[in-house]
**Q** 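Can you keep this structure in mind? I'll have questions shortly.
Chain naming here is simple, since letters A, B, ... match the order of the sequence lines and numbering starts at 1 in each.
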2 protein chains.
Amino acid sequence: MATYCKFETALEIFVGKWKPVILLRLFSNGTMRFSELQRALPGITKKMLTQQLRELEYHDIIHREVYRQVPPKVEYSITAYGQRMAPLLQTMNDWGMAHLAHLNELYGEAQSTEPVERN
Amino acid sequence: MATYCKFETALEIFVGKWKPVILLRLFSNGTMRFSELQRALPGITKKMLTQQLRELEYHDIIHREVYRQVPPKVEYSITAYGQRMAPLLQTMNDWGMAHLAHLNELYGEAQSTEPVERN
DNA sequence: CGGGATCCTCGTGGATACTG
DNA sequence: CAGTATCCACGAGGATCCCG
């Protein structure tokens, strides 16, 4: 009965429009500065970037290193604990890829992941 | 570079306030009628239940079987393809459980999964 | 440079009523 | 019973300005 009941917890980590991309950048680029992240994520505002980073930091997924200097410098990186969720991300990624292929089989090429809208 | 770039696709399947619980019920209970689902999910409206079910159906995760009779009867179940995502759900569930334990270590007991609010 | 504080928009999801 | 159709509330996320 209790199986699957906590996988929503995992979801809470990833929900948020920018968290997946942020994680992607940090996982592939390693340590990044605030401004680097902002430039790497076209369209994101400072507010959102800050907010999403703080939430990930709270969950011990990323580390925030502040250098006390002028002008300020803050670097973000994946924590050791955060590294341990790489397999999960990989599994989800693999499933996502396979699912896109499955959707292609069902509905043909050039299909988005969303159902077609109808008025 | 392309790694993790499609795990957002996996997320799209689960986002939506009720999809996780719906999947949970269908996975554990097998076939269920519309009204059964509604009763099993306290607080859900027919509109939302219908909408989330349709989206899952589009993705070939669940099957919708309509019995042409009066009064109508519609049964929902996990498709064969849908069954194949059980391992993924299990993996996410396991990670979620472990993560809750990790948060407990960090912040102590009786903590929610969300950062404390401050005014 | 790396934010915080405000205000505002817009889409998700809820409430309610109607229907084949 | 299993929906659909409308209307509406609210909160995530965006725009803008200010600050150490």
**Q** Side chain of A:Lys47, heavy atoms from C-beta onward: which of D:dC7, D:dA2, D:dA15 has the nearest atom to it?
**A** D:dA15

**Q** Taking A:Lys47 as the fixed residue, which of A:Leu49, A:Thr50, A:Thr45, A:Ile44 is the one that meets the side-chain contact (heavy atoms from CB on, under 4.5 Å) rule?
**A** A:Thr45

**Q** Quick check against the 3.5 Å criterion: does A:Ser77 have a side-chain atom that pairs as donor or acceptor with the backbone of A:Gly30?
**A** no

**Q** For A:Arg68 and D:dG20, give me the distance from atom CZ to atom C1', rounded to whole Å.
**A** 9 Å

**Q** Once the angle between the rings of B:Tyr107 and A:Tyr58 is folded into 0 to 90°, is it parallel (under 30°), tilted (30 to 60°) or perpendicular (over 60°)?
**A** parallel

**Q** Tell me which nucleotide among D:dA2, D:dG3, D:dG13 gets nearest to the side chain of B:Arg64.
**A** D:dG3

**Q** Taking the six-membered ring where the residue is Trp, are the ring centres of A:Tyr81 and B:His102 under 6.0 Å apart?
**A** yes

**Q** Please work out if A:Gly43 contacts a base, only the sugar-phosphate, or nothing of the nucleic acid, heavy-atom cut-off 4.0 Å.
**A** nothing

**Q** Using heavy atoms to find the nearest nucleotide of DNA chain D for B:Leu53 and A:Gln52 separately, return the residue whose nucleotide is more 5′.
**A** B:Leu53

**Q** Would you indicate, yes or no, if D:dA2 has its OP1 or OP2 atom less than 4.0 angstrom from a side-chain nitrogen or oxygen of B:Arg33?
**A** yes

**Q** Let me know the distance between CD of A:Glu12 and P of D:dA12, rounded to the nearest Å.
**A** 12 Å

**Q** Can you tell me how far P of C:dT16 sits from CG of B:Leu49, to the nearest Å?
**A** 18 Å

**Q** Rounded to the Å, how far apart are B:Met48 CE and C:dA15 C1'?
**A** 13 Å

**Q** How long is the line joining CD1 of A:Ile44 and C1' of D:dG13, in whole Å?
**A** 10 Å

**Q** Quick check: do A:Tyr76 and A:Met32 have side-chain heavy atoms less than 4.5 Å from each other?
**A** no

**Q** I need the CD-P distance between A:Gln51 and D:dG14, as an integer number of Å.
**A** 9 Å

**Q** Give the rounded distance in Å between these two atoms: CD of B:Glu55 and C1' of D:dG3.
**A** 16 Å

**Q** Using atom CZ of B:Phe14 as one end and atom C1' of C:dT12 as the other, report the distance to the nearest whole Å.
**A** 20 Å

**Q** Ignoring the backbone of A:Arg54, work out which of C:dC7, C:dG3, C:dG13 is nearest its side chain.
**A** C:dG3

**Q** Does B:Lys17 place a side-chain N or O at less than 4.0 Å from the phosphate oxygens OP1/OP2 of C:dG14?
**A** yes

**Q** Looking at B:Trp18, I'd like to know whether one of its side-chain N or O atoms comes within less than 4.0 Å of OP1 or OP2 on C:dT12.
**A** no

**Q** B:Val74 side chain: which of C:dG3, D:dG3, D:dG14 is closest?
**A** D:dG3

**Q** Describe the nucleic acid contact of B:Tyr67 in one word from base, sugar-phosphate, nothing, applying a heavy-atom distance below 4.0 Å.
**A** nothing

**Q** Here's a test of your reading of the structure: between A:Pro72 and A:Thr50, which maps to the more 5' nucleotide of DNA chain C?
**A** A:Pro72

**Q** Which residue in the set A:Gln52, A:His59, A:Glu55, A:Glu12 passes side-chain hydrogen bond (donor to acceptor under 3.5 Å, both in side chains) when paired with A:Lys19?
**A** A:Glu55

**Q** As a test of reading the structure: which of D:dG13, D:dC1, D:dT4 is closest to the side chain of B:Lys46, going by heavy atoms?
**A** D:dT4

**Q** Using the side-chain heavy atoms of A:Ser35, tell me which of these nucleotides is nearest: C:dG2, D:dA2, C:dG13.
**A** C:dG2

